[in-house]
Amino acid sequence: MRDLVIVGAGGFARETAAAVHAVNHVRPTWRLRGFLDDDAALHGTTRAGLPIIGGTDRLDELPETAVVVCVGSPRDYRARRRIVRRLDLPAPRYATVVHPSAQVGAGSVLGPGTVLLAGVVLTADVTVGAHVAVMPHAVLTHDDRVDDHATIASGVRLGGGAVLRLGAYVGAGALVREGVTVGAWSLVGMGSVVLRDVPQGEVWAGNPARRLRAADPGPTGPGAERSWARSTSEEPVGADEMSIPPVSLGKLAEQRVVGS
């Protein structure tokens with residue numbers, strides 16, 4: 001078993017902790033030490049029965065511990081990438097967490113730091129990048145591609161060959177037509193039906209989905225990388241090439257991430 005800490009202590013972080021417990025129930029894999037959060041007011045408290053053991057600076061004391069970054073909010077779904085960039089850890093430090101009830105089909109690959117929650121289905125030849133959050137009961141079908149730092153909320157359905165570019169967010173229950181691309185850092189509202197390509201950096205919603213406005217670029221300037229600490233109690237809303245090599249299904253089995 002390997003030690004693991006979760007960065008963040010909000011809803012997504014606690015859901016990931018539940019997924020880790022489910023993995024361990026099937027096959028002991030992780031010693032979950034607790035959460036790291038840069039909000040000092042949370043230090044020494046507990047969430048979901050686990051301690052918040054300190055801020056991300058504690059990672060210097062935990063050189064062999066695996067890490068998964070589970071932060072973000074509806075106001076700032078770029079937070080995950082900012083934290084990953086600030087931590088600047090090598091890819092092998094990041095855990096890939098797959099709930100035992102998730103199905104990862106033949107030919108599919110997952111990047112480091114990615115989380116698949118309960119009931120997620122990847123049918124066949126699906127490519128998912130690094131630090132991607134896939135919420136319960138999302139379905140990704142054949143030849144879909146999801147780039148780094150994207151967020152796929154619960155109940156989303158992606159048609160075959162759909163593409164989510166860097167940091168894209170697709171809200172709960174949304175449907176994306178086969179072959180459609182959602183651009184980098186764009187946000188698709190919950191329940192939307194996306195029938196055509198969404199340009200990068202835009203917010204779309206409706207049935208059929210239409211442009212509402214430009215996407216919020218998120219916090220900028222000094223200290224922006226720590227702004228997530230004030231909003232980790234919120235659920236996440238969520239270069240176009242994946243920056244970290246993906247992990248194959250066979251490699252996941254070697255790492256004993258998927259229970260069987």
Side-chain angles (χ1 to χ4, degrees), residues 1-37 47-50 52-53 56 59 62 64-72 79-81 83-84 87 89-105 108-122 126-140 146-154 156 232 235-236 238 242 244-260:
M1 294 177 69
R2 185 181 181 189
D3 286 353
L4 173 67
V5 292
I6 297 173
V7 175
F12 177 37
R14 288 178 279 127
E15 289 172 337
T16 299
V20 170
H21 288 314
V23 169
N24 285 340
H25 182 74
V26 174
R27 178 184 297 165
T29 305
W30 304 108
R31 287 186 294 268
L32 185 53
R33 299 279 303 272
F35 304 103
L36 299 178
D37 195 293
R47 294 290 185 277
L50 292 166
I52 300 176
I53 59 179
T56 53
L59 286 173
L62 306 168
E64 304 300 321
T65 300
V67 179
V68 61
V69 179
C70 300
V71 302
R80 198 155 59 247
R81 185 176 71 161
I83 297 304
V84 168
L87 296 179
L89 300 174
R93 284 290 303 275
Y94 287 108
T96 302
V97 177
V98 179
H99 193 284
S101 67
Q103 301 178 40
V104 181
S108 297
V109 292
L110 304 175
T114 283
V115 176
L116 307 186
L117 293 180
V120 169
V121 175
L122 279 58
V126 177
T127 300
V128 179
H131 309 289
V132 173
V134 188
M135 302 300 165
H137 299 289
V139 176
L140 286 64
V146 181
D147 287 355
D148 298 352
H149 304 290
T151 301
I152 300 173
S154 59
V156 166
T232 51
E235 297 292 337
M242 290 183 296
I244 302 177
V247 179
S248 68
L249 180 60
K251 186 66 174 176
L252 283 176
E254 292 174 14
Q255 294 175 341
R256 303 175 71 191
V257 173
V258 182
S260 60

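All values derive from a computational prediction rather than experimental measurement. Values reported hereafter were calculated over all heavy atoms of this structure, with side chains retained and with hydrogens, waters and symmetry mates removed.
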Flag side-chain contact, heavy atom, 4.5 Å: V98 against L110 | yes
With a 4.5 Å heavy-atom cut-off, do L116 and L122 have their side chains touching?
-> yes
Can you check side chain to side chain contact (heavy atoms under 4.5 Å, CB included) on V146 and V134, steps first, answer last?
-> CA-CA 10 Å; V146 181; V134 188; over 6 Å; no
Do the side chains of T114 and Y94 get nearer than 4.5 Å, heavy atoms only?
-> no
Contact check, side chains of D148 and V84, non-hydrogen atoms, under 4.5 Å = no
Quick one: which of V20, V115, T96 gives a side chain to side chain contact (heavy atoms under 4.5 Å, CB included) with V68?
-> V115
Of all heavy-atom pairs between F35 and A13, which one has the smallest distance, and what is that distance?
-> CE2-O, 3.7 Å
Search all heavy atoms of G119 against all heavy atoms of S101 and return the closest pair with its distance.
-> N-OG, 3.0 Å
Considering all heavy atoms of both residues, which atom of A48 and which atom of R14 are nearest to each other, and what is their separation?
-> CB-CG, 4.0 Å
Below 4.5 Å, heavy atoms only, C-beta onward: do L62 and R33 meet side chain to side chain?
-> yes
Shortest non-hydrogen contact from A22 toward H99 | CB-NE2, 3.5 Å
Look up atom CD1 in I152 and atom CG in L140, then write down how far apart they are to the nearest 0.5 Å.
-> 4.5 Å
Flag, side chain of R2 to backbone of T29, donor-acceptor distance under 3.5 Å | no
Any donor-acceptor pair under 3.5 Å linking the side chain of R81 with the backbone of A150?
-> no
Check whether any side-chain heavy atom of V71 sits under 4.5 Å from a side-chain heavy atom of V7, and report yes or no.
-> yes
Would you call the rings of H131 and H149 parallel, tilted or perpendicular, where under 30° means parallel and over 60° means perpendicular?
-> parallel
Separation of D3 CG from R31 CZ (nearest 0.5 Å) | 4.5 Å
Rounded to the nearest 0.5 Å, the CG atom of L32 sits from the CD1 atom of I6 at a distance of 4.5 Å
Distance (rounded to the nearest 0.5 Å) between T127 OG1 and D147 CG | 9.5 Å
Here the gap from R93 atom CZ to T65 atom OG1, rounded to the nearest 0.5 Å, amounts to 6.5 Å
Heavy atoms only: give me the nearest A138-A153 pair and the separation to one decimal.
-> CB-O, 4.1 Å
Is there side-chain contact between R47 and I52, with heavy atoms separated by less than 4.5 Å?
-> yes
Nearest heavy atoms of L36 and I53, plus distance in Å | CD2-CG1, 3.3 Å
